[in-house]
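Read the structure below first, then the notes.
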Amino acid sequence: MTSTQTEINIPEHSLDRDCTTLSRHVLQQLQSFSPDAQDLSSIMNRIALAGKLIARRLSRAGLMTGALGLTGDTNVQGESVKKMDIYANEVFISVFKQSGLVCRLASEEMEKPYYIPENCPVGRYTLLYDPIDGSSNVDINLNVGSIFAIRQQQGEDLDGEAKDLLTDGSKQIAAGYILYGPATVLVYTMGKGVHSFFLDPSLGEFILAQENIQMPDHGSVYSANEGNFWQWEDQIRDYIRYVHRHEGYTGRYSGALVGDLHRILMQGGVFLYPGSVDNPDGKLRLLYETAPLAMIMEQAGGKGSTGQQRIMDYIPSKLHQRTPAILGSKKDVDLVLSFINDKGDK
Ligand code: AFP
């Protein structure tokens, strides 16, 4: 501690922490001030701005006229669209307009990618995102999240079909989520560990909370919609019967993947959304949900599997590809896989 700090009694570590904003952290992660590093730092800053705008809207939505409820439309997935889905989807587009950073945005809410032509000559990045994940929670004031991944555009995409996005999860330069809970938390990885940031409303900044998060190898939580029990394959039903019959397991399921996964990241356990008889690929989308979250899990020492292969290795055949998902602590994911592979070693 310097003499000046001693005299005015400023705790150095807390000041450093308050100054570790998200954009500064990205530059530290990349150990560079190169133009590429600056671009990624700016992209993360704009994602954070989207998160702040969405958090603000969510906190006031109950007091506003026309902010909650359904639009009356259905999206490309055939699901009813909420007004907050549309708002959040447009927020992500707006924050990237005239940024020169991102040429295309692909979202769960849009059938085709959204191009920002003024950015395209220089913006070599694509943002993939689920603007509001768990939107059934919005109208009742429970937690929801946004999920994102950043990829670099490959090739010229002359036909405007964004086919270069149909690649595996290793092409994600960064991935993460924003959890809108009692506090707003942003969690991200750039392939060098997983880091969390809390939104400090008084500063309007995401401030570093935890660096290099490592999740426990095992946790007590299993998180699945057991209402689908009779739609699942026998092996998944056997796994659920196993956790019912053994001590040390507890079920937690909120209907919003980001919150459920955040609990598992911090405390261990497993989230599963398996395929069903009618929908063998399950419900969750690879590019906007399972691939970004699998990257987070792996970077924190956990695992992400479809049941048949590593989620990160899965190559989609279409933009809105769905995959079954088993995400969480190593031992807990392996336990589910052992039932799927029916190794009989339980
Ligand atoms: P919505 O955003 O359409 O509510 O879907 C949320 C979600 O994609 C994920 O966040 C949940 O874990 C899962 O679907 C909930 O689906 P079920 O209602 O079928 O359990």
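Predicted model only: the values in this text are computed from it and were never measured. Atoms within a ligand are numbered from 1 in the order they appear, just like the ligands themselves.
Here the protein heavy atom with the shortest distance to atom 4 (O) of ligand 1 is Ser135 N, 3.1 Å. Protein heavy atom at the shortest distance from atom 8 (O) of ligand 1 is Glu289 OE2, 3.1 Å. Nearest non-hydrogen protein atom to atom 15 (C) of ligand 1 is Tyr253 OH, 3.2 Å. Considering only non-hydrogen protein atoms, atom 2 (O) of ligand 1 sits nearest to Gly134 N, 2.9 Å. In this structure, the protein non-hydrogen atom closest to atom 11 (C) of ligand 1 is Gly255 O, 3.5 Å. The protein atom (non-hydrogen) at minimum distance from atom 19 (O) of ligand 1 is Tyr273 OH, 2.6 Å. Protein heavy atom in closest approach to atom 7 (C) of ligand 1: Lys283 NZ, 3.9 Å.
Interface of Ala256 with ligand 1, defined as ligand atoms under 4.0 Å from a residue heavy atom, comprises 10 (O). Short contacts between ligand 1 and Ser136, defined as distances under 4.0 Å to a heavy atom of the residue, involve ligand atoms 4 (O).
Ring planes of Tyr188 and Phe197: tilted class, angle from 30 to 60°. Below 30°, between 30° and 60°, or above 60°: for Tyr253 and Phe271 the angle between ring planes is below 30°, a parallel geometry. The aromatic rings of His262 and Tyr177 sit perpendicular to each other, their planes meeting at more than 60°, with 30° as the lower class boundary.
Contact annotation for Phe271 and ligand 1: only side-chain heavy atoms (C-beta onward) come within less than 4.0 Å of the ligand. Using a 4.0 Å cut-off between heavy atoms, Leu257 contacts ligand 1 through both its backbone and its side chain.
In this structure, Asn141 has no side-chain hydrogen bond (donor to acceptor under 3.5 Å, both in side chains) partners at least two apart in sequence or on a different chain.
The existence of a salt bridge linking Arg285 and Asp130 is excluded, since no basic side-chain nitrogen approaches an acidic carboxylate oxygen closer than 4.0 Å.
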* **Verdict with reasoning, Phe92 to Tyr129, per ring-ring contact (aromatic ring centres under 6.0 Å, His included)** => CA-CA 9 Å; Phe92 275 95; Tyr129 65 110; 4.7 Å; yes
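Connectivity analysis of hydrophobic side chains (ILVMFWY, heavy atoms under 4.5 Å, direct or indirect) links Leu203 to Ile207.
Taking all heavy atoms of Asp130, Asn225, Asn228 into account, the minimum distance to atom 17 (P) of ligand 1 is reached by Asn225. Scanning Ile147, Asp133, Thr290 for the heavy atom closest to atom 10 (O) of ligand 1 points to Asp133.
Remark: side-chain polar atoms of Ser196 are not paired, donor with acceptor, to backbone N or O of Ala209 under 3.5 angstrom.
Under the 3.5 Å distance criterion, with hydrogens and angles disregarded, no donor-acceptor pair is assigned to the side chains of Thr323 and Thr306.
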